Engineer: 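The structure that follows is given in the form of structure tokens.
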Amino acid sequence: MPSTLAVLLVLGLGLSQRSSTQKQMLSKPAIWVRPSFMIPKGRPATIGCQGAGGAMEYQLHFEGGLSALERPKSRPVMNWVKFPIPAMTSHTAGQYRCSYRSGELWSELSDPLELVVTGLYDTPTLSVEPRSEVTSGENVTFRCQLATATSKFFLLKGGQSSRPQLRYGNLWAEFHLGPVTPAHRGTYRCFGSYNNHAWSFPSKPVKLLVKGDARDTTFAPTEHTSSDYWDSYELTTGTQSQKDHFLWNHMVQNLIRLGLAVLVLVALMGLLLEDWLHRRKSGKRAHWVSRRRCGRRLRAQRALET
């Protein structure tokens, strides 16, 4: 039995140490927004936050302060919560982060998510030089102009998920592209910015057509864009590979926990079986010794009687 207790103690300490290590490795949550990081004034949006399996509570932080608390409706292996924004305004635009609690431990904050409110004040004008139809290898310049005093301008290309280009200027700014390739084909819009999170209305779209080379006299069509594209533009704080890595890490951690639990259970069953066999063997031996003693006593009594 001392060996049994020693084995149980070792297993318990190993599992406790493993659990402590897992707590110290609590992963950073992922944060995203739908339908877009650019939200027209008055339109709703939803911020999502995803933590590790077993997360019990989530916090949403806005501009460095606690904004909201939310608990998951259920407890799947990978759970997440939603933080709704009923109507976007200049007061709800800004930087968001989230965190989650698992047991008594809080995770670190997520990467920052920048939300922008659009549709404020005036509408800028966007033009392209030397023309909207160019040959591959030429240089083009987009010029964004806004009558309202501002010093920041953003240029966005439809159909892509990269961040907008930023330029500074007094009432107008120029965005130089080139040498252009067919990859630059597309629909462009620009915004004027009154601060980092308050943008103007979008400009009217400008389509850029690029020929493949000087011998090609046809212009390939641009990718399909709709008037609602800017309302459905989505930006997350991690790439798909980062999300897959995040999911994989938690899957591995859950498998390790399950494997450790199975090992402990098998070890306990083995120890219990060993103890039962030992008790059974000891009981048989004691019964055999007792029978021998009784036999000796009977023979002794018979010998005295005779």
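Model, not experiment: these values are computed from the prediction.
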Engineer: By side chain to side chain donor-acceptor pair (under 3.5 Å), which residues pair with Gln95, not counting sequence neighbours?
Structural biologist: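 Side chain to side chain donor-acceptor pair (under 3.5 Å) list for Gln95, sorted by chain: Glu114.
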
Engineer: Roughly how far apart are Ser27 OG and Glu108 CD, rounded to 0.5 Å?
Structural biologist: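 Output value for this atom pair is 8.5 Å.
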
Engineer: Any non-hydrogen side-chain atom of Ser99 less than 4.5 Å from a side-chain atom of Gln59?
Structural biologist: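 In short, these two side chains touch, coming nearer than 4.5 Å.
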
Engineer: Using the test side chain to side chain contact (heavy atoms under 4.5 Å, CB included), find all partners of Val206 that sit at least two apart in sequence or belong to another chain.
Structural biologist: Leu126, Val128, Phe142

Engineer: Mind jotting down which residue pairs meet the salt bridge (Lys or Arg N to Asp or Glu O under 4.0 Å) criterion with at least one end in residues 173-183? Sequence neighbours excluded, please.
Structural biologist: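 Sorted pair list: Arg143-Glu174.
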
Engineer: If a pair satisfies salt bridge (Lys or Arg N to Asp or Glu O under 4.0 Å) and one of its residues is in residues 79-89, list it, with sequence neighbours excluded.
Structural biologist: none

Engineer: Do Val264 and Leu272 sit in one hydrophobic cluster, given that two such residues count as connected whenever their side-chain heavy atoms are within less than 4.5 Å of each other, even indirectly?
Structural biologist: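 Shared cluster, no.
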
Engineer: Treat each ILVMFWY residue as a node, draw an edge where side-chain heavy atoms are under 4.5 Å apart, and state whether Tyr100 and Leu109 are in one component.
Structural biologist: no

Engineer: So Val180 and Val134, side chain to side chain contact (heavy atoms under 4.5 Å, CB included) or not? Walk me through it.
Structural biologist: CA-CA 8 Å; Val180 297; Val134 295; 3.9 Å; yes

Engineer: Side chain to side chain donor-acceptor pair (under 3.5 Å) with Asn195: which residues, sequence neighbours excluded?
Structural biologist: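 Scan of Asn195 (side chain to side chain donor-acceptor pair (under 3.5 Å), adjacent residues dropped) gives none.
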
Engineer: Identify, with sequence neighbours excluded, every residue that meets side chain to side chain contact (heavy atoms under 4.5 Å, CB included) alongside Lys41.
Structural biologist: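 Partners of Lys41 by the side chain to side chain contact (heavy atoms under 4.5 Å, CB included) criterion, ordered by chain and then number, come out as Val117, Leu120.
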
Engineer: According to side chain to side chain donor-acceptor pair (under 3.5 Å), who are the partners of Arg101, at least two apart in sequence or on a separate chain?
Structural biologist: Glu57

Engineer: With a 4.0 Å cut-off, would you call Asp111 and Arg97 a salt bridge?
Structural biologist: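 Salt bridge: no.
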
Engineer: Could you state the interatomic distance from CH2 (Trp199) to SG (Cys190), rounded to the nearest 0.5 Å?
Structural biologist: 10.5 Å

Engineer: To the nearest 0.5 Å, tell me how far Met56 CE sits from Ser102 OG.
Structural biologist: 7.5 Å

Engineer: Quick one: are Ile85 and Tyr96 in side-chain contact, heavy atoms under 4.5 Å?
Structural biologist: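 In contact.
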
Engineer: Of the non-hydrogen atoms in Pro124 and Pro202, which two are nearest, and what is the gap between them?
Structural biologist: CD-C, 4.3 Å

Engineer: By the rule that ILVMFWY residues connect when side-chain heavy atoms come within less than 4.5 angstrom, directly or transitively, which residues belong alongside Leu265?
Structural biologist: Met269

Engineer: Run the side chain to side chain contact (heavy atoms under 4.5 Å, CB included) test against Thr125 and tell me which residues pass, sequence neighbours left out.
Structural biologist: none

Engineer: Would you say the side-chain atoms of Asn79 pair up with the backbone N or O of Ala55, donor to acceptor, closer than 3.5 Å?
Structural biologist: yes

Engineer: What salt bridge (Lys or Arg N to Asp or Glu O under 4.0 Å) pairs are there with at least one residue in residues 144-155, not counting sequence neighbours?
Structural biologist: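 Salt bridge (Lys or Arg N to Asp or Glu O under 4.0 Å) check on residues 144-155 returns no pairs.
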
Engineer: With a 4.5 Å cut-off on side-chain heavy atoms, are Pro44 and Pro86 touching?
Structural biologist: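 The answer is no, as the side chains (C-beta and beyond) never meet within the 4.5 Å cut-off.
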
Engineer: May I have the step-by-step check of side chain to side chain contact (heavy atoms under 4.5 Å, CB included) for Phe153 and Phe175, ending in yes or no?
Structural biologist: CA-CA 9 Å; Phe153 295 86; Phe175 299 83; 4.0 Å; yes

Engineer: Does the side chain of Leu156 come within less than 4.5 Å of Tyr188's, by heavy atoms?
Structural biologist: no

Engineer: How long is the straight-line distance from OG1 of Thr150 back to CH2 of Trp172, given to the nearest 0.5 Å?
Structural biologist: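 Between Trp172 CH2 and Thr150 OG1, I get 14.0 Å after rounding to 0.5 Å.
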
Engineer: Do Leu155 and Leu166 land in one hydrophobic cluster if side-chain heavy atoms of ILVMFWY residues count as linked below 4.5 Å?
Structural biologist: yes

Engineer: What pairs of residues pass the ring pair (Phe, Tyr, Trp, His ring centres under 6.0 Å) test when at least one of them lies in residues 102-123, not counting sequence neighbours?
Structural biologist: Tyr121-Tyr194

Engineer: Output the distance between atom OG (Ser203) and atom CZ (Arg189), rounded to the nearest 0.5 Å.
Structural biologist: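 Rounded to the nearest 0.5 Å, the OG-CZ separation comes to 7.0 Å.
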
Engineer: Give the minimum heavy-atom separation between Thr135 and Val210, together with the two atoms involved.
Structural biologist: C-CG1, 4.2 Å

Engineer: Passes ring-ring contact (aromatic ring centres under 6.0 Å, His included), Phe191 versus Phe154? Steps please.
Structural biologist: CA-CA 5 Å; Phe191 294 80; Phe154 292 92; 8.0 Å; no

Engineer: Rounded to the nearest 0.5 Å, how far apart are OG1 of Thr89 and CD1 of Ile39?
Structural biologist: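 So the OG1 of Thr89 and the CD1 of Ile39 are separated by 10.0 Å.
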
Engineer: Looking at every heavy atom in both Ala45 and Pro35, which two are closest together, and how far apart are they?
Structural biologist: CA-CD, 4.2 Å

Engineer: Treating Ile, Leu, Val, Met, Phe, Trp and Tyr as nodes and any side-chain heavy-atom pair under 4.5 angstrom as an edge, say whether Phe62 and Leu60 lie in one connected cluster.
Structural biologist: yes

Engineer: Looking at every non-hydrogen atom in both residues, tell me the closest pair between Ala173 and Arg167 and how far apart they are.
Structural biologist: CB-CB, 3.9 Å

Engineer: Looking at every non-hydrogen atom in both residues, tell me the closest pair between Gly51 and Pro29 and how far apart they are.
Structural biologist: CA-CB, 4.5 Å

Engineer: Tell me, with the steps shown, if Glu133 and Lys207 meet side chain to side chain contact (heavy atoms under 4.5 Å, CB included).
Structural biologist: CA-CA 9 Å; Glu133 298 181 357; Lys207 291 187 178 182; over 6 Å; no

Engineer: Has the side chain of Thr118 got a donor or acceptor atom that lies under 3.5 Å from a matching backbone atom of Ser200?
Structural biologist: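 No.
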
Engineer: Using a strict 4.0 Å threshold on nitrogen-to-oxygen distance, state whether Glu138 and Arg131 make a salt bridge.
Structural biologist: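 Yes, charged N to carboxylate O under 4.0 Å.
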
Engineer: Decide yes or no for Val33 and Leu113: does some side-chain heavy atom of the first lie under 4.5 Å from some side-chain heavy atom of the second?
Structural biologist: yes

Engineer: Glu70: which residues meet the side chain to side chain contact (heavy atoms under 4.5 Å, CB included) condition with it, sequence neighbours left out?
Structural biologist: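 Applying side chain to side chain contact (heavy atoms under 4.5 Å, CB included) to Glu70 gives Lys73, Val81, Phe83.
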
Engineer: Take Leu208 and Arg185 through the side chain to side chain contact (heavy atoms under 4.5 Å, CB included) test and state the conclusion after the steps.
Structural biologist: CA-CA 5 Å; Leu208 179 66; Arg185 300 166 181 161; over 6 Å; no

Engineer: Would you say Leu66 and Leu115 are hydrophobically clustered, going by side-chain heavy atoms of ILVMFWY under 4.5 Å?
Structural biologist: no

Engineer: Which atom names give the shortest non-hydrogen contact between Ala87 and Gly42, and what distance separates them?
Structural biologist: CB-O, 3.7 Å

Engineer: Report yes if some heavy atom in the side chain of Pro72 is under 4.5 Å from a heavy atom in the side chain of Tyr58; otherwise report no.
Structural biologist: yes

Engineer: For Ser110 and Ile31, indicate whether the former's side chain and the latter's backbone hold a donor-acceptor pair under 3.5 Å.
Structural biologist: no

